[in-house]
Amino acid sequence: EERQLLMTTLDEIKSECKVEIPIVSSGSTPACMMVDNFEGITEIHPGNYVFFDRMQYEFGVIDELESIPISTMTRVIGRYPHRNEILIDCGNV
């Protein structure tokens, strides 16, 4: 389990290096879906887990596209058919 490995590593660092580690970060979409105990971890990085995006649908984590709780409306400002891409005016977070 990711959490247990992290806690063991932290204990070794604290013991051998005599340092405190006030912030313990962990997580990813798969880890957040599988772990039910975040004891000892001060922050998690759930990735796209909070949105259940199209990738999670493709992986079979969710059964219906309607389960994806967010959508965005934006302008298409460029088309690149030879690359199978479009350019949108949407910004980022």
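In the hydrophobic clustering, I77 connects to Y80, L87, either directly or through intervening members, whenever side-chain heavy atoms lie under 4.5 Å apart.
Note that OH of Y57 is 8.5 Å distant from CD1 of I62, once rounded to the nearest 0.5 Å. Taking CG of D89 as the start and OG1 of T74 as the end, the distance is 5.5 Å to the nearest 0.5 Å.
When every heavy atom of N37 is checked against every heavy atom of R3, the shortest pair comes out as O-CD, 2.5 Å. Across all non-hydrogen atoms, the minimal contact from E39 to M7 is O-SD, 3.9 Å.
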Side-chain donor-acceptor contacts of residues 13-26 below 3.5 Å, not counting sequence neighbours, with atom names and distances?
residue, atom, partner, partner atom, Å
K18, NZ, S15, O, 2.8
S25, OG, E43, OE2, 2.3
S26, OG, E2, OE2, 2.8

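Under the 4.5 Å side-chain criterion, counting only non-hydrogen atoms from C-beta, T8 is not in contact with L6.
Annotation: R79, atom CZ; neighbour count of heavy atoms from other residues, nucleotides and ligands within 6.0 Å does not exceed 12.
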